[in-house]
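The shown structure was predicted, so the numbers you read here are calculated from the model rather than taken from an experiment.
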Amino acid sequence: MINAILQPEQFVEIGEQLAKEKGIGDRRQGQGAQQRGFIKAVAVVTKRIRTLDVDGKKVHTVGIPIHWGFKGVAKPGFITNTLTPFVGDANCQTPEFKAFLVNIEKI
């Protein structure tokens with residue numbers, strides 16, 4: 001119950017640099033989208049998620065709670081699995097639901 005009080009809306013946690021590049025402010029409505037679908041969520045801009053430097057290129061990471069539902073104590077939200085791919089890990093054949101590409105947009 002305390003989690004629903006502290007964060008009553010579905011959110012996407014993004015780093016300060018990505019927020020600046022996209023023009024997204026803290027606690028503003030945004031959208032995560034890709035070919036499989038989209039979710040709408042509040043942006044939580046934080047220092048905890050930093051931009052990575054991969055082979056000289058900037059790579060942003062975002063955090064999306066997987067277990068937000070459409071019904072419950074908090075405000076209704078979207079099911080995050082709308083964005084997740086339906087593929088298995090090549091080595092062990094377990095579903096790969098934790099890492100995928102997504103485009104964060106201001107709405």
Side-chain angles (χ1 to χ4, degrees):
M1 180 75 158
I2 190 73
N3 289 340
I5 294 168
L6 294 173
Q7 185 58 51
E9 296 180 79
Q10 186 173 17
F11 64 96
V12 175
E13 188 173 359
I14 65 175
E16 293 175 318
Q17 189 171 2
L18 177 61
K20 184 177 178 181
E21 286 179 21
K22 296 282 188 170
I24 298 172
D26 192 38
R27 308 290 177 181
R28 298 287 187 240
Q29 188 77 21
Q31 176 173 299
Q34 60 159 268
Q35 291 177 342
R36 286 176 286 282
F38 70 93
I39 65 168
K40 292 181 183 178
V42 171
V44 174
V45 180
T46 179
K47 294 178 186 294
R48 294 187 319 160
I49 298 184
R50 296 190 180 143
T51 303
L52 304 174
D53 184 357
V54 179
D55 198 24
K57 297 178 184 175
K58 286 193 258 180
V59 177
H60 298 289
T61 318
V62 300
I64 305 172
I66 275 284
H67 300 295
W68 203 277
F70 54 90
K71 187 174 181 182
V73 178
K75 293 181 181 177
F78 288 75
I79 297 174
T80 303
N81 281 345
T82 302
L83 303 174
T84 59
F86 298 108
V87 296
D89 180 271
N91 294 322
C92 61
Q93 300 303 312
T94 59
E96 181 55 63
F97 292 138
K98 305 247 185 220
F100 53 92
L101 298 173
V102 66
N103 183 34
I104 303 294
E105 300 171 347
K106 180 181 175 180
I107 57 171

Student: The criterion is side chain to side chain contact (heavy atoms under 4.5 Å, CB included); which residues satisfy it with K20, sequence neighbours excluded?
Tutor: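 None.
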Student: What heavy-atom pair brings G25 and A43 nearest, and what distance separates the two atoms?
Tutor: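 Taking G25 first and A43 second, the nearest heavy atoms are O-CB, 4.0 Å.
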Student: Passes side chain to side chain contact (heavy atoms under 4.5 Å, CB included), T46 versus I14? Steps please.
Tutor: CA-CA 6 Å; T46 179; I14 65 175; over 6 Å; no
Student: Which pair of heavy atoms, one from I24 and one from V45, lies closest together, and at what distance?
Tutor: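 For I24 versus V45, the nearest heavy atoms are O-CG2, 4.2 Å.
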Student: Do you reckon F38 sits in the same ILVMFWY cluster as L18, going by side-chain contacts under 4.5 Å, direct or chained?
Tutor: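 Looking at the clustering, L18 is in the same group as F38.
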Student: Which residue pairs pass the salt bridge (Lys or Arg N to Asp or Glu O under 4.0 Å) test when at least one of the two sits in residues 43-54, sequence neighbours left out?
Tutor: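 Counting only pairs at least two positions apart or across chains, the salt bridge (Lys or Arg N to Asp or Glu O under 4.0 Å) contacts touching residues 43-54 are E13-R48, E16-K47.
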Student: For T51, which residues count as a side-chain hydrogen bond (donor to acceptor under 3.5 Å, both in side chains) partner, sequence neighbours excluded?
Tutor: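 Q17, H60.
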Student: Would you mind reporting whether I64 and I39 have side-chain heavy atoms less than 4.5 Å apart?
Tutor: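 Yes, their side chains come closer than 4.5 Å.
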Student: Identify the two heavy atoms, one from V62 and one from V12, that lie closest to each other, and give their separation to 0.1 Å.
Tutor: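 Closest approach of V62 to V12: CB-CG1, 4.1 Å.
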